[in-house]
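Have a look at the structure below before the remarks.
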Amino acid sequence: MARVVLTGGLLRFTEGEEAFDLDAGTIRQLFRQLAERYPAIEPHLLEGIAVAIDGQIYQDAWLQPIPPDSEVYLMPQIAGG
């Protein structure tokens with residue numbers, strides 16, 4: 001199972017729960033499980049969330065695999081210019 005850590009404004013949708021373990025094979029599966037657990041978070045996941053898996057940041061990579069025992073951080077999407 002991956003250790004998932006939420007940051008920033010996402011915490012208000014999880015009743016303050018900041019970190020938990022989830023068994024998800026891809027980012028899409030992770031988002032689905034989070035939405036099932038916390039329905040109010042779903043629109044915010046779809047707005048643009050950056051996902052860091054073991055230190056590598058992914059944006060809009062729905063099918064990116066999440067290896068077992070990974071550390072996954074969800075944070076606001078990173079904008080650049």
Side-chain angles (χ1 to χ4, degrees):
M1 283 195 187
R3 183 71 175 166
V4 179
V5 180
L6 302 178
T7 63
L10 294 174
L11 295 174
R12 70 178 182 244
F13 303 108
T14 62
E15 302 161 5
E17 188 174 5
E18 176 180 338
F20 35 85
D21 296 321
L22 288 177
D23 188 20
T26 64
I27 291 174
R28 177 175 287 173
Q29 290 174 356
L30 171 66
F31 283 9
R32 283 184 184 154
Q33 287 182 25
L34 285 172
E36 287 173 9
R37 194 172 193 174
Y38 305 106
I41 202 172
E42 186 172 21
H44 303 281
L45 295 175
L46 301 176
E47 284 178 356
I49 295 294
V51 179
I53 302 171
D54 295 326
Q56 176 69 39
I57 297 174
Y58 300 92
Q59 295 184 153
D60 302 321
W62 295 98
L63 300 178
Q64 180 63 40
I66 301 174
D69 301 321
S70 292
E71 189 170 68
V72 180
Y73 281 79
L74 300 178
M75 61 201 94
Q77 195 167 46
I78 299 165

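Here the structure is a predicted model, which means the values were calculated and not measured.
You'll find the side chain of V51 stays beyond 4.5 Å of the side chain of Q64, heavy atoms only. No side-chain heavy atom of Q33 sits under 4.5 Å from any side-chain heavy atom of V4.
Contacts classified as salt bridge (Lys or Arg N to Asp or Glu O under 4.0 Å) and involving residues 23-34 (residues at least two apart or in different chains) are not found. Under the side chain to side chain donor-acceptor pair (under 3.5 Å) criterion, the residue pairs touching residues 1-13 are R3-D21, with sequence neighbours excluded.
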Indicate every side-chain donor-acceptor pair of residues 65-75 with a distance under 3.5 Å to a residue at least two apart or in another chain.
from, atom 1, to, atom 2, distance (Å)
S70, OG, D54, OD2, 3.1
S70, OG, P67, O, 2.7

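Every residue two or more places apart in sequence or in another chain was checked for a salt bridge (Lys or Arg N to Asp or Glu O under 4.0 Å) with E42, and none qualifies. Under the side-chain contact (heavy atoms from CB on, under 4.5 Å) criterion, L11 pairs with L6, T14, E18, sequence neighbours left out. Applying the ring pair (Phe, Tyr, Trp, His ring centres under 6.0 Å) criterion to Y38, with sequence neighbours excluded, gives no partner residue.
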- Task: In sequence, state the C-alpha distance, the side-chain angles, and the governing distance for L34 and F13, and then conclude on side-chain contact (heavy atoms from CB on, under 4.5 Å).
- Result: CA-CA 10 Å; L34 285 172; F13 303 108; over 6 Å; no

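Linking ILVMFWY side-chain heavy atoms closer than 4.5 Å, directly or via other members, places L45 and F20 in a single hydrophobic cluster.
Minimum heavy-atom separation, I27 to A61: CD1-O, 3.3 Å.
Within the model, atoms CD1 of I49 and CD1 of I41 stand 7.5 Å from one another, a figure rounded to the nearest 0.5 Å.
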